[in-house]
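Everything below concerns the one structure shown next.
Excluded from the calculations below are hydrogen atoms, water molecules and symmetry mates; all remaining heavy atoms, backbone and side chain alike, are included.
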Amino acid sequence: MSFHPDGFPLFLTFDLDAETMWTARDPNNANRPILMSQGAYGWKVGIWRILDLLDRYGIKSTFFVPGLVMEQRPQVVEALLTRGHEIAHHSWSHAWIVNLTPEQEREEMEKGIEIIRRMTGRAPRGWRSPAAEFSPITMDLLVENGFDYSSNFFDDDSPYIHSHKGQKTKLVELPFRWVLDDAPFFQYSIILPGRTLQAPSAALEAWTLEFDTLYAEDRMMMLGMHPQLIGQPSRLKLLEGIIEHALKHPRVVIGRCDELVDAMRPGLDAAAS
């Protein structure tokens with residue numbers, strides 16, 4: 001059953017990693033300007049194509065942004081806020097959590113919260129981890145800092161409320177899977193052995209089939225995308241294609257994670273009680 005009172009929730013979310021996608025893998029990548037330019041494409045070109053496309057369809061969405069990117073690119077933050085989108089927490093530097101000490105992970109969390117509060121006027125409500133990883137203390141930090149939702153786990157096709165240490169939390173999980181992420185289809189670089197590029201039609205076919213099944217089962221669909229990847233010309237047509245396909249269905253609700261979670265919460269609370 002759908003937990004959204006108005007229909008089937010479709011989440012179009014974007015991780016604006018910019019150069020941190022590459023520096024998080026190896027800090028020495030900062031000395032490779034051509035490699036860094038792949039990340040810069042996200043904030044220089046891709047994000048603006050995406051924003052214009054969302055405007056054409058009247059869609060408000062959620063952007064998960066590392067704090068470092070917010071600090072470096074305030075013009076992007078201003079555009080996201082002006083156009084009505086949500087900015088959610090995506091760490092400070094996109095450092096992979098499994099490589100951090102507990103103290104470093106806490107610092108990444110706290111610095112990210114601080115800059116979002118300072119630049120948006122409110123604390124972040126949602127969290128997505130870099131590289132889809134949690135440590136033994138990540139859930140502690142999410143509960144401690146009062147997050148309303150997480151979009152990280154791959155264990156369901158429907159939203160649910162997390163329990164932690166035997167206690168029900170207020171943390172709603174918006175699950176996704178790698179097939180619903182653009183990186184496995186399009187993230188190519190000479191430093192990533194074995195990565196191959198796929199045509200946008202391959203992702204459109206996969207995402208359309210996923211949508212059709214999830215819609216028929218009355219669940220939800222979470223797409224995770226990256227402006228440096230999905231914001232390229234041919235791939236933007238993929239994004240528009242999945243939007244067009246979804247809008248042919250009468251019960252689809254496309255929106256920001258925070259607003260959709262608020263709408264779903266009464267049903268999720270009832271299901272978890």
Side-chain angles (χ1 to χ4, degrees), residues 1-4 8-17 21 24-25 61-64 66 88-91 94-100 105 109 124-143 147-165 168-187 192 194-195 198 202-226 229-230 238-239 242 246 254 256-258 260-261 264-265 268 271-272:
M1 62 167 290
S2 173
F3 292 100
H4 193 286
F8 176 85
L10 172 59
F11 300 86
L12 305 176
T13 67
F14 303 88
D15 295 1
L16 184 59
D17 301 337
M21 177 184 284
R25 291 176 176 273
S61 191
T62 294
F63 290 76
F64 294 88
H89 201 325
H90 195 41
S91 82
H94 207 261
W96 291 15
I97 286 174
V98 292
N99 296 330
L100 300 178
E105 182 178 354
M109 177 68 74
R125 297 186 59 192
W127 160 265
R128 177 171 286 160
S129 68
E133 293 284 1
F134 267 40
S135 81
I137 70 162
T138 305
M139 190 63 74
D140 293 332
L141 294 175
L142 297 181
V143 172
F147 282 90
D148 289 302
Y149 70 88
S150 150
S151 182
N152 295 285
F153 284 81
F154 293 20
D155 56 350
D156 210 326
D157 291 316
S158 298
Y160 62 88
I161 294 180
H162 278 285
S163 292
H164 182 54
K165 296 181 177 177
K168 177 188 171 185
T169 74
K170 71 170 186 175
L171 189 66
V172 173
E173 181 62 37
L174 303 174
F176 75 117
R177 287 168 287 112
W178 284 125
V179 70
L180 300 176
D181 190 297
D182 61 356
F185 294 94
F186 305 129
Q187 188 178 0
L192 300 175
R195 297 289 185 106
Q198 298 190 48
L204 180 59
E205 179 181 1
W207 290 358
T208 299
L209 292 172
E210 287 280 328
F211 175 89
D212 290 345
T213 301
L214 295 170
Y215 185 87
E217 293 180 356
D218 210 14
R219 294 179 181 266
M220 59 160 271
M221 183 170 174
M222 168 62 71
L223 285 174
M225 295 166 282
H226 302 78
L229 303 177
I230 201 71
L238 154 66
L239 177 55
I242 196 66
I254 308 175
R256 296 165 38 143
C257 291
D258 56 352
L260 294 181
V261 164
M264 293 188 296
R265 187 173 293 281
L268 292 169

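- A side-chain donor-acceptor contact under 3.5 Å links R265 to the backbone of K170.
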Report task. Please assess F64 against F14 for the test ring pair (Phe, Tyr, Trp, His ring centres under 6.0 Å), listing each intermediate value before the final yes or no. Result -> CA-CA 6 Å; F64 294 88; F14 303 88; 9.9 Å; no

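- Counting heavy atoms from C-beta outward, R128 and F176 have side chains that approach closer than 4.5 Å.
- Considering only heavy atoms from C-beta on, W127 stays 4.5 Å or farther from L141 through its side chain.
- Of all heavy-atom pairs spanning I230 and L238, the tightest one is CD1-CD2, 3.7 Å.
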message = The test is side-chain contact (heavy atoms from CB on, under 4.5 Å); show your working for S129 and W96 and say whether it passes.
response = CA-CA 8 Å; S129 68; W96 291 15; over 6 Å; no

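- Note that CZ of F134 is 4.0 Å distant from CG of N152, once rounded to the nearest 0.5 Å.
- Taking CZ of F186 as the reference point, atom CE of M225 lies at 11.0 Å (rounded to 0.5 Å).
- Judged by distance alone, the side chain of E105 and the main-chain N or O of S135 form no donor-acceptor pair under 3.5 Å.
- Here the side chains of D148 and V172 are not in contact, with every heavy-atom distance at 4.5 Å or above.
- Residues A95 and P130 come closest through the heavy atom pair O-CG, 3.6 Å.
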*Stepwise, does the side-chain contact (heavy atoms from CB on, under 4.5 Å) test hold for D15 with H94?*
CA-CA 10 Å; D15 295 1; H94 207 261; 5.8 Å; no

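- Here the shortest heavy-atom pairing between A183 and L229 reads CA-CD1, 3.8 Å.
- Remark: W207 CH2 to D181 CG distance equals 7.5 Å, nearest 0.5 Å.
- Interatomic distance, CZ of F8 versus CG of L214, reported as 5.0 Å (0.5 Å rounding).
- Taking CG of L174 as the start and CE of M221 as the end, the distance is 14.0 Å to the nearest 0.5 Å.
- For the pair Y149 and A88, the tightest heavy-atom approach, listed with the atom from each and the gap, is OH-CB, 3.6 Å.
- The closest donor-acceptor contact from the side chain of T13 to the backbone of L223 lies under 3.5 Å.
- For the pair T62 and F11, the minimum side-chain heavy-atom distance is 4.5 Å or more.
- When all heavy atoms of S151 and M222 are compared, the pair lying nearest together is OG-CE, 3.5 Å.
- Looking at P184 and V179, their side chains never come closer than 4.5 Å, going by heavy atoms from C-beta outward.
- The side-chain heavy atoms of M220 and L10, taken from C-beta on, include no pair separated by under 4.5 Å.
- Of the possible donor and acceptor atoms, one in the side chain of T169 sits under 3.5 Å from a partner among the backbone N and O of H162.
- The number of heavy atoms from other shown groups lying within 6.0 Å of CD (E205) does not exceed 12.
- Between the side chains of R219 and S158, at least one donor N or O lies within less than 3.5 Å of an accepting N or O.
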H226 vs Q187, side-chain contact (heavy atoms from CB on, under 4.5 Å): CA-CA, chis, key distance, verdict:
CA-CA 9 Å; H226 302 78; Q187 188 178 0; over 6 Å; no

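- Note that CE of M139 and CZ of F147 are 11.5 Å apart. Values are rounded to the nearest 0.5 Å.
- Closest non-hydrogen pair, I97 versus E133, comes out as CD1-O, 3.5 Å.
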